Chemist: 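Once you've had a glance at the structure underneath, I'll fire off some questions.
Just so you know, these numbers come straight off a predicted model, no measurement behind them. Chain naming here is simple, since letters A, B, ... match the order of the sequence lines and numbering starts at 1 in each.
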Amino acid sequence: MASAAAILPATGHAREGRYENNAATRERPWVRALILTLALSFFVLFLLLPLVVVFHQALAKGWGTAAAAVTDPDALAAVRLTLLAAGIAVPLNLVFGVSAAWAIARFEFRGKQVLSTLIDLPFSVSPVIAGLIYVLIFGAQGWFGSWFIEHDIKIVFAVPGIVLATIFVTFPFVARELIPLMQAQGRDDEEAATVLGATGLQTFWRVTLPNIKWGLLYGTILCNARAMGEFGAVSVVSGHIRGETNTMPLHVEILYNEYNFAAAFAVASLLAMLALVTLALKSWVEWQANRVVTQKEAMVRK
Amino acid sequence: MSAAVSFFNPTGQTRVLPGFGLSLGYTLVYLSLVVLIPLAAVFIQTASLTWGEFWAIVSAPRVVATYKLSFGAALLAAAINAVFGLMLAWSLVRYSFPGKKLVDALIDLPFALPTAVAGIALSALWAGNGWLGALLAPFGIKVAYTPLGVLVALIFIGVPFVVRTVQPVLEDLETELEEAAASLGAHRSQTFTRVLLPVLTPALLTGFALAFARAVGEYGSVIFIAGNIPMVSEIAPLIIITKLEQYDESGATAIAVVMLLFSFLMLLAINLLQAWSARRTGRNR
């Protein structure tokens with residue numbers, strides 16, 4: 001998706017001020033001031049203030065209330081379920097992402113473009129529909145519903161449904177990062193290793209993995225953020241049972257709908273901190289990836 | 001040694017690298033199990049309805065009102081994001097200002113912040129007693145719990161799409177183009193509209209389409225601020241949930257089919273736009 005481009009080397013970053021010191025690429029001061037004011041006002045109104053308000057509301061009734069809300073047994077159960085769902089969904093989609101990128105970026109075959117588009121499909125499906133499909137298949141009136149009821153296995157309105165919905169919505173993240181990255185790198189390195197006698201696994205561990213590690217990490221971070229934060233899809237398949245089938249975002253909803261705002265925002269602030277950690281890690285990975293590219297370019301120039 | 005031409009190997013080239021069968025096989029099986037077969041369930045379930053029944057469900061006045069709101073607000077939000085996203089991308093690439101790194105990192109907040117958190121934060125902010133809502137209240141403008149609230153939420157979740165598609169194209173742009181335009185006597189505004197904008201248009205449209213597609217299906221950030229009043233501020237994904245809660249699976253599925261068909265069309269449009277963008281800028285994405 002849009003994020004794929006961000007990890008590729010940015011050519012312009014190195015020359016700070018190259019536009020502002022050039023008469024041909026410089027706007028008049030008032031135009032510059034106007035664009036900056038509008039852009040930054042938009043940023044503050046729509047991105048910064050919503051973030052600040054979460055922490056402000058969380059602490060509105062003091063640290064004690066916030067701490068109590070976060071350490072409540074139901075909240076802790078929600079944290080555990082969120083970690084469980086992400087802990088299953090992220091590794092599965094990671095393995096899939098590597099496998100899909102290997103097939104698509106390293107080989108030519110018919111229908112590659114179609115496959116690539118199908119991998120993106122979960123991004124364009126409404127999260128509500130992502131939940132609905134599992135109700136249709138595993139629900140009481142669903143395809144396999146009666147079989148599961150006979151065997152006393154609960155899929156929807158239970159933990160397995162939450163895990164399935166999470167896998168669906170986070171499905172493309174790792175593949176989306178790796179495919180363009182591995183296509184840009186080409187297959188020369190791996191072919192050289194294979195010709196020199198490396199086995200497939202050796203080639204993968206010693207050649208491919210070091211080359212794609214930043215992209216892999218980047219995709220995994222985004223995948224994890226979505227897995228832990230998913231609301232719509234999980235909401236449809238969850239039974240909304242406190243302490244049992246509530247993830248953190250669902251727990252936030254329940255508290256909020258009970259007008260327990262301070263507690264809702266306290267749990268929300270945990271998720272907001274997770275988002276900030278995600279963004280910090282993401283920026284760090286981009287910086288590392290850019291550094292590697294710059295080093296390689298410097299070596300080529302020598 | 002030459003491999004035979006086959007369906008999966010149209011060029012007949014020898015494959016040096018191992019693992020083609022394994023990786024493609026695993027990819028196809030996992031894709032089918034997780035995405036394709038479950039999505040097919042929606043269409044198969046709908047096939048149990050007659051055409052008349054299907055049409056009655058998807059064209060009911062309350063349902064049509066949700067399409068109007070979901071599509072209308074998503075379109076408007078994407079347009080607003082296209083304008084301000086371009087200005088943000090422009091500022092991040094071309095100007096230096098204090099806190100630039102922080103602004104750049106926080107652009108992706110809507111990708112990282114769970115939608116439910118965004119939803120309650122936006123409601124708190126724009127409600128009549130909130131920081132922003134209180135400023136507008138004296139003018140009689142209500143944002144939270146009205147269609148305007150839906151718009152605000154959809155603007156929030158769409159911000160990164162436009163910025164992150166336009167930004168790399170702007171960064172790759174060589175200054176020579178503008179220098180040539182300036183040396184030929186073009187005014188700065190002429191250079192922008194005649195030289196820069198044509199190059200940026202495909203990326204801008206791609207970002208717009210991505211933001212629009214995402215906004216139409218958005219649920220979490222909207223329901224808290226929308227008020228969810230039938231015929232006024234109810235979005236299409238919510239009516240699917242309402243029908244499910246009433247055990248009306250056929251009704252929910254019929255509306256899901258309409259939304260899915262729209263998603264497929266958007267996916268196609270986005271692919272074409274990205275191909276156009278790649279050709280126009282020479283970037284291989």
Chemist: Checking Tyr256(A) against chain B: side chain, backbone, both or neither under 4.5 Å from a heavy atom?
Modeler: side chain
Chemist: Let me know if Ala118(B) has heavy atoms under 4.5 Å from chain A in its side chain, its backbone, both or neither.
Modeler: neither
Chemist: Angle between ring planes, Phe42(A) versus Phe84(B), binned at 30° and 60°: parallel, tilted or perpendicular?
Modeler: parallel
Chemist: Using non-hydrogen atoms and a 4.5 Å limit, figure out which bit of Val53(A) sits close to chain B: side chain, backbone, both or neither.
Modeler: both
Chemist: What part of Leu48(A) is in contact with chain B, defined as an atom under 4.5 angstrom from a non-hydrogen atom: side chain, backbone, both or neither?
Modeler: side chain
Chemist: Non-hydrogen atoms of chain B under 4.5 Å away: do they reach the side chain of Ile137(A), the backbone, both or neither?
Modeler: side chain
Chemist: Tell me, for Phe264(B) versus chain A, whether the close heavy atoms (under 4.5 Å) come from the side chain, the backbone, both or neither.
Modeler: side chain
Chemist: Which answer fits Val216(B), side chain, backbone, both or neither, if we ask what part of it has an atom under 4.5 Å from a heavy atom of chain A?
Modeler: neither
Chemist: Chain A heavy atoms under 4.5 Å from Ala213(B): which part of the residue, side chain, backbone, both or neither?
Modeler: neither
Chemist: Taking the six-membered ring for Trp, are Phe20(B) and Phe109(A) ring centroids under 6.0 Å apart?
Modeler: yes
Chemist: Side chain, backbone, both or neither: which part of Val34(B) has a heavy atom under 4.5 Å from chain A?
Modeler: both
Chemist: Please look at Leu132(B) and chain A and tell me whether the side chain, the backbone, both or neither of the residue comes under 4.5 angstrom of a heavy atom of that chain.
Modeler: side chain
Chemist: Do the two ring centres, one from Phe171(A) and one from Tyr30(B), sit under 6.0 Å apart?
Modeler: yes
